[in-house]
Structure formats: structure tokens, C-alpha cells
Number of protein chains: 2
Amino acid sequence: MEKQVTIYDLARALNLSTATISRALDNSPLVKPHTREKIRAMAEKMGYRQNLIARNLRKQQSRTIGVLLHEVNSYFATSVLAGIEKITTREKYDILIAHSGEDGGREIANTRNLFNKRVDGLIVSLAMNTSATDHFNPFFEQGIPVVFFDRVVKKMPCSKIVIDNFKAGYQATAHLLDQGYRRIAHITASLQRNVYEERLRGYKKALADRNIRFSPELVESCSLNREDTLEAMNKLLAQKPDAFFVTNDFAAAVCMDALQQSGIRIPGDMGVIGFNNDILGSLISPKLSTIDYPGLLMGETAAQTLIEKIKTKKSGKGTPEGKNVTIPSSLIIRESTGKKDRAGRSLKS
Amino acid sequence: MEKQVTIYDLARALNLSTATISRALDNSPLVKPHTREKIRAMAEKMGYRQNLIARNLRKQQSRTIGVLLHEVNSYFATSVLAGIEKITTREKYDILIAHSGEDGGREIANTRNLFNKRVDGLIVSLAMNTSATDHFNPFFEQGIPVVFFDRVVKKMPCSKIVIDNFKAGYQATAHLLDQGYRRIAHITASLQRNVYEERLRGYKKALADRNIRFSPELVESCSLNREDTLEAMNKLLAQKPDAFFVTNDFAAAVCMDALQQSGIRIPGDMGVIGFNNDILGSLISPKLSTIDYPGLLMGETAAQTLIEKIKTKKSGKGTPEGKNVTIPSSLIIRESTGKKDRAGRSLKS
DNA sequence: ATCAAAAATGAAATCGATTACATTTAAAAA
DNA sequence: TTTTTAAATGTAATCGATTTCATTTTTGAT
């Protein structure tokens, strides 16, 4: 374990001051090109590497952005991450990723940790069961920019990047209705989270617009993992639905598999539509209709928005307003929502 | 933007020295319980938060582990990440994730950056086209522990966490042969990477053990994305194979979809086996046979191994040897490799 | 050759914690 | 009560870079 080469070593070796070394390595015009080159060469030769910890302490920044995710094991999450990374790499920020595994407690701990790490900004998607949001207060008090995406809380004083979940929920439901399905079951998750609550509202509105009475028995909330989804599905099956609107493609795929297993034809007997446009949906059969949910763009936008806020804050031009961006989403019609087959309905297996 | 509360502020407020404050907040037995409580209370009241940058500078550590991934958009990658995170969270390390997008250039840049960030250790899976490994030298020179997983290089002086790819490749091939398939096409990726090269060797051995001649025309390398996979598949189709061994489940699913689209029955006309045990495989139809590739365990083991190395290094007990761990993998037989149907072979559509 | 202005460099403070070493205070022993 | 020892606290150096404010050197104009 060799000892680190510091600018002091370079200064000594070249008989210069650390100030000059520091400036040279930072490409400052204050140092003569000739000197700069000498310093560069020596740094190279001695194997100097900048100590970013020291630099960050002095500069009172970390050039690090915290990313607080509810989960990472989905195509959507990795797309968002890719989008964030694309922008942050270009802007020379590092990202510190923490995920809560949908657990509010871990979210709080992670938030605290990222704060102590002095991240320059925070990008957040809330865990399923987070209710209070006090843990973000330190950021607001210190004026550290925070951007929420996807799962947001309306009243918070910061930027939000979302899609129009109400519209998307409406579209999904309306499409099923247009295809002749009438009793549409809806598998959703915690209605505490805006995304699910708004989609449900869209679902209700689509029914109302066609004079179909809303039946609460046709809606089930669950965690969306395999077991819970199957349980919810089976409960709903007792209500004899002719279609499923599932709030996430993975869960939709799980349902489709189970439904087909028990002899139900999709489409025809049963229509199924998902949400997210996970690649998964285009590889299963029948191919899954869904709502395109542009994770990459969302990540890019979130990162872009955050970095802008960081910059305007640094330049001291006052607190920028919270910016709300709605990313376009769209209905993707594939095979799982083909027209309902009114003749041979064989629902009771 | 309020100013930060530091231990100096606390010291002044309580008329104590920063030494005592620091010790109290670190739970040192050197400070009287009564004093400690007073300090705690004041810290709480004034909203003190530890500045980890300052702490890390002084302690010459970062308590951060760098994770260098070739990609993050797969179930395998997120599983590994989850495993790493599980351990690092418990051991109170942060992780800095960088991914190269399979690009050797970005891998080099990321490596450099992580080094400058003074990560305490590094977990790596190489990009597809990385050939030289000089960029890791600074870590070796400074004695910073590095652990490779999955995509490794044999001769490097560090720990490696892998599965037995030779055996897995053998098993996959042997299983297809056992089911009656004879002309097995193999879609793989860069043979520069140990994982693909070893699987290919396993494939060859399985053929050899059954006295089947190896035909190079039945093997295609590609990037494994959708387009390239389809191209490789079509090229191989010209060789009239009766089975595909595809080195990754996503690519296998893409192939299955295309094959079925053109009227080929799986299994029966064609057997297909994947690799990785992505959830995807259990949701498509027919369900995909594959090799279980325990990402979570791999991530956990890598993190565990790395942290051990960091600890023994700190305690000064000499450089620990590179530790090589082979994680068990296993053949998962599902539907896509059902017995070959010898009677009605309708390969030419 | 002289001087003002511009360019290049240096000295030292600073960022916020930790910690070796010194000193004071309290408790235990004589 | 005095001495010895242990416990608690304080002083100041340190980590490695950046940066303000000198100071020196160079350049260009006269």
C-alpha cells in the first residue's frame, strides 16, 4: 500500500507552490503554459491522482446526486436510471443510488444518509408505504434541490416529473370497453401513491362516460409481486370479470399466464391490459397491450431539471420555482385486448 | 440556504472543545454520559448533521464501494446489485455504481473516476469489448481491493466470483441432445469474455462426448440485443438446426417469438434453451428451459469477499490472497426443451 | 532605461471533522 | 488530608485540495 502522491509532493519536486500546482491541474489561465506542461508531466510521472474528497470539502460540494428509488428490479426503474446516468455523466456528476425496497423506514434512513453525504441534489420516487415526508425537510431547509418523479406528492415545494396517469388510466379502460369488454377488473397498488390513485380515477371516469356503474368489488390493491397478484386475481375472478386492467406489466403477465393455464382464452374470453411497456410485454403471447411509460425520458428530464436547479442555485439567482413536467405517455395496442368474443364465452372453466 | 451547523458551533454553544463533541457523537466511552447527553440534545436542537466529506478526508477512507457493471438493464444485473446492496447496507458502506454500457472506453473512464473518488474497494464485471486491463493497475498499486464477478480475467491478482460456465454450457447442450435434438445452433457473444468462451467449450464437449462433430457454422456471436440476435438467428436458420442454445434468456425469448411467428413449433420442431433464469423465461410460452444463474448470491458473495479484504487490509494483516469462489448454478428444465418430435418435422415453413 | 500595467507565482487561511498528546478534574488509596 | 490513579476534557496538528490576498516577475509603453 503505497502512499498517495499529493500536490505537496508535486510542489516539492518542482520547487513551486501548491497554489500553482492546483491551478495548473485545473487548467487555470493564471499559470504559464510552459509551467503547466511541466506540472502535467510531473503529475503523470509521479502518478498523481486528485483527491476528490479534499476537493469537495474545500469547495463545499460533492458533485454527487442522490437517487432514491422505490425499487430497481424493473425495466422501468433501470430505464429511469439509464436516463439519469446519461445526463449526469455528461454533466460530470456522480450518482449515489439508494433503494428502499418499497419500505418507508429504509427510505427515511437512506434520505438521511444521502443528506449527510452532502449530495448536491436529490431525485426521488417514493416507496409504496411512505406517508409522512418530514425526512425531506433538511433538504428544503438547506435549499438543496429535490426533484420527484413518477411517485410524487402534490403539495411538496419542488419539481415533479410525471405522466398523466388519469388520462392513461382512462385510455386503458376505454380501450377495453371499446373492444367489447364490460366487467373490467382492476389490479392496482397502494392508493396512497398518486400514480395508482389517478389511474383508478381514470378508470372510473371511463366507466362513467359510458354509463357503466363502478363496482368497488372489481378493484383490488396489492403489492404487485407474484403471489399477491395471483391472490388478488383469484379474488377478482369470483366477480366474473371479462377483462383485467393491471397496473403493471409484470403483474399483468403473471395474470395472463395463470388465466391461460386455467383455459381462459386471451383475448376473446378475457381482455388484459398492462401498464409500463416493459419489454416483457412484447415477448409473451398474446403480446400485451399496455401504456407506454417512457422511463428513459423521465430519468433524463429529472436529471436535467435537477442540474438546472443546482446551477441556478449556485449562481445565486434566487430559488427557482418548482417545475412540473408531464411526460407524454401513450396507449400501445397489441394482442391481449383483441375484441371480445361474445359467442363462445367459456368463463366458468 | 442556511449555513451548516458544525461541531465548532456545538462546541461554542456548550462551551466545550470540538474534541469532546466529536467523541461524544461517536459514542466514545471517553466522554461522561451526562456530557454526551447534553451534546446529543444540543446537536438535535441545532440540527447538526455530520459532514461525511470532512470525516472521510481525515480518516482517509470513503466508506464507499465502487461497482463497475457492463450493463444494468437485465434481471441478472439488478439481482447482483440487490445482493451487493444487501451486504453493503448492513456493513454501512455506500455504493457508487458506474456502468459502461458494454463500452470499454467508458469502462476506463469510470474506473479512473472511481479511483479518484477514493473508493475503498471495487466490484467489477467487464464490458464486452474490454481487452487490456491496465486501467485497474492504480488499484493494485495502492493495494485497494478489487473483486471481479461473472466476467473475469483469469490472470488478474484478485478475487473472482464466477459460476462454472463450462459445466453449465455442457449441461444445456447435453439436455437438448438427451431430448433428441441433434443439430444444435449456439448464439453467443464475444468469446473474449470468459463466460461465453467457457460455455462454448462446454457445448463442444457435450457434442464430442456423443460423437457429434462440431460445426463452426452452427455458432454465431453477436451483441445479444434484439436486432443482432434476430440476424444471428436467421443466419443460423440457413444451417437447418433443430435446436437453439442461446446464451441469454432475453435473446432466447426474442428467438422463440420469431421462430413461432414463422410457424415453427417449440418444442417439437425446435428445442430452445436459454441462460440466466430471468423471470421472463417463466412468463413466456412455452416456458423457457435455462440455466439458473444466481445473481443475488453472486452479488452478496462479491460484496462479502470485498469487505473482508478491506477489513483485513485495514487491520494490517498483510495482503489477503485472491479468493476464487464458484457459485453453484443449475439446469432448469421447463417446456421449451420438450422431446423432439421426429415424425412431423415441418422445418421448411 | 524607467515605470505602469499585466501576468505569474506564493503564503497562508480555509473547509469540518478526527486524534495524538497534554492537561485538568474526579475518584480511590494511603 | 494528601497522594496516586483514572477519567474527562482540551490543544493543536492533520487530512489534501482551493482560493484570497499579497508579492514577484515579465511585458509593453514611454
ask   = What class does the angle between the rings of A:F139 and A:F115 fall in, given that below 30° is parallel, 30 to 60° is tilted and above 60° is perpendicular?
value = perpendicular
request  = Ignoring backbone atoms, test whether A:R55 places a side-chain nitrogen or oxygen under 4.0 Å from the OP1 or OP2 oxygen of D:dT18.
outcome  = yes
query = Taking atom types as modelled and ignoring hydrogens, do the side chains of B:Q142 and B:R118 form a donor-acceptor contact shorter than 3.5 angstrom?
reply =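 There is no such pair (donor and acceptor under 3.5 Å, judged by atom type) between the side chains of B:Q142 and B:R118.
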request  = Kindly write out the residues that satisfy ring-ring contact (aromatic ring centres under 6.0 Å, His included) with A:Y48, not counting sequence neighbours, or none if the list is empty.
outcome  =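 Result, ring-ring contact (aromatic ring centres under 6.0 Å, His included) vs A:Y48: none returned.
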key: With B:T35 via side-chain contact (heavy atoms from CB on, under 4.5 Å) - residues at least two apart   =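 Partners of B:T35 under the side-chain contact (heavy atoms from CB on, under 4.5 Å) test: B:L16, B:T20, B:V31, B:K32, B:I39.
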key: Candidate pair A:R40 and A:N27, rule side chain to side chain contact (heavy atoms under 4.5 Å, CB included), full reasoning   = CA-CA 10 Å; A:R40 277 280 171 65; A:N27 260 329; 3.1 Å; yes
inquiry  = Reading DNA chain C in the 5' to 3' direction, which nucleotide is the first one with an atom under 4.0 Å from a heavy atom of chain A, and which is the last?
reply    =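 Contacts span C:dA8 to C:dG16, reading 5' to 3'.
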With A:K38 via salt bridge (charged side-chain N to carboxylate O under 4.0 Å, His left out) - residues at least two apart = none
message = Tell me every residue that passes salt bridge (charged side-chain N to carboxylate O under 4.0 Å, His left out) with A:D94, counting only those two or more places apart in sequence or in another chain.
response = B:K117
ask   = Which part of the nucleic acid, if any, lies within contact of B:I53, taking any heavy atom under 4.0 Å across all strands shown: a base, the sugar-phosphate backbone alone, or nothing?
value =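 B:I53: no heavy atom of the nucleic acid under 4.0 Å.
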request  = Report which part of the nucleic acid B:D9 touches: base, sugar-phosphate, or nothing (heavy-atom distance under 4.0 Å, all strands).
outcome  = nothing
ask   = Relative to the 5' end of DNA chain D, which residue comes earlier, A:N51 or B:S17, by the nucleotide with the nearest heavy atom?
value = B:S17
Report the distance from atom [atom1] of [X] to atom [atom2] of [N], rounded to the nearest whole Å.
X     : N      : atom1 : atom2 : answer
A:Q4  : D:dT14 : CD    : P     : 18 Å
A:Y8  : D:dT14 : OH    : P     : 11 Å
B:N56 : D:dA17 : CG    : P     : 15 Å

ask   = Looking at DNA chain D, which of residues 19-42 of chain A put a heavy atom within less than 4.0 Å of it?
value = A:A19, A:S22, A:R23
key: salt bridge (charged side-chain N to carboxylate O under 4.0 Å, His left out) partner of B:R151, the single match among B:E71, B:E107, B:E102   = B:E102
